[in-house]
Amino acid sequence: MEIEKVKCLIIGSGPAGYTAAIYAGRANLSPVLYQGLQPGGQLTTTTEVENFPGYPEGIDGPKLMEDLQKQAERFGANLRFGIATAADLSKAPYKITIDEEKVLEADTVIISTGATAKYLGLEDEKKYAGMGVSACATCDGFFYRKKTVAVVGGGDTACEEAIYLAGLASKVYLLVRKPFLRASKIMQERVMNHEKIEVLFEHNAEGLYGTNGVEGVHLVKRKGEVDEKHYDLPVDGFFLAIGHKPNSDIFKPYLDTDEIGYIITEGDSPRTKVPGVFAAGDVADPHYRQAITAAGSGCKAAIEAERYLSAKGLLPKE
Ligand code: NDP
């Protein structure tokens, strides 16, 4: 197997990865970045991004990612297609396998592999992607001002998203599959007492309908019970909040992760428990999960990588 040595390897091409590449490039670390399964990351599935600072008129998600990519390339980042399929972080230099065929030996590794929002698995979620279906209320809620939306889920995220949306929409239905909410007590109370939120317990979404985007959801109440009932609920937006899966599987044997799989870092730094290995963006962030917070942590990771290399005497001498 071919082995390539690199000073700074960045895995993932969302805002965290590209920002790390911009900083690492400018610090002369000759970063190599592998773009992963979805070049550009989650933002490439969004239409308009209105909350990334610096764009008063908003910007298309894919365009923002293209600009970040160009900025990284301008400072010498070596961007490549490929997926990290295995990792050996047991000792430096760290070995990362790409596409099961090529191994890189890296002095520093920045893991910015992101998280993937979970979907129900309905065909209609794909059909109406970007046309009323969203997995991010903070990203897309603004488009539903004074409209009616449904949020699926019964955890803290679902409650948070429902409350956020209730500040914009005229009505929010929370679709909960069980007869109770899993969320923390305080979030439950907020949701149950909110005048614009109606919680529909024991409800499952079976499909969506609409000609030019989502116009409603096919619901089933008390699925599998004798009094099972099917009906349609008109909504303009359908938000998934049934959890995220951080893309951390291959690193788990070496790094601490929480019970969901988010990589645990030291305080609010991107340092993992392995020196020279950093985690940035959604893969290490169960709380904020925003493009700008991911970009910020990518910046921190690159600065940390530079300091680590400097302390080890591994920086290029010029
Ligand atoms: P959770 O796993 O806590 O909740 C997921 C919810 O989605 C559950 O109600 C679950 O139902 C439901 N669900 C899962 N799959 C389906 C499905 N196929 N159909 C219908 N419903 C489904 O995920 P969260 O993202 O809400 O939270 C993740 C973690 O982050 C938690 O520990 C949470 O406490 C934490 N968090 C904390 C916040 C805070 O403190 N402010 C904010 C957001 C998250 P069921 O209950 O039936 O399994």
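Whatever order the structure lists them in is the order used to number ligands and atoms, beginning at 1. Residue numbers count from 1 along this sequence.
Applying the 4.5 Å side-chain rule to ILVMFWY residues, one finds I260 in the same cluster as Y262.
The only member of I186, V191, V151 that meets side-chain contact (heavy atoms from CB on, under 4.5 Å) when paired with C159 is V191.
Using a 4.0 Å cut-off between charged side-chain N and carboxylate O, D256 and K252 make no salt bridge.
Counting non-hydrogen atoms of other residues, nucleotides and ligands closer than 6.0 Å to NZ of K312 gives a total of 12 or fewer. Around atom OH of Y231, more than 12 heavy atoms belonging to other residues, nucleotides or ligands sit under 6.0 Å away.
Looking at L89 and F251, their side chains come closer than 4.5 Å, going by heavy atoms from C-beta outward.
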What does the contact table look like for ligand 1 (nitrogen or oxygen on each side, cut-off under 3.5 Å)?
residue, atom, partner, partner atom, Å
ligand 1, 9 (O), G154, N, 2.9
ligand 1, 9 (O), G155, N, 3.3
ligand 1, 11 (O), R177, NE, 3.3
ligand 1, 25 (O), T157, OG1, 2.6
ligand 1, 26 (O), D156, N, 3.3
ligand 1, 26 (O), T157, N, 3.0
ligand 1, 26 (O), T157, OG1, 3.2
ligand 1, 34 (O), D156, OD2, 2.6
ligand 1, 41 (N), E160, OE2, 2.9
ligand 1, 46 (O), R182, NE, 3.1
ligand 1, 46 (O), R182, NH2, 3.4
ligand 1, 47 (O), R177, NE, 2.8
ligand 1, 47 (O), K178, NZ, 2.9
ligand 1, 48 (O), R177, NH2, 3.0
ligand 1, 48 (O), K178, NZ, 3.4
ligand 1, 48 (O), R182, NH2, 2.4

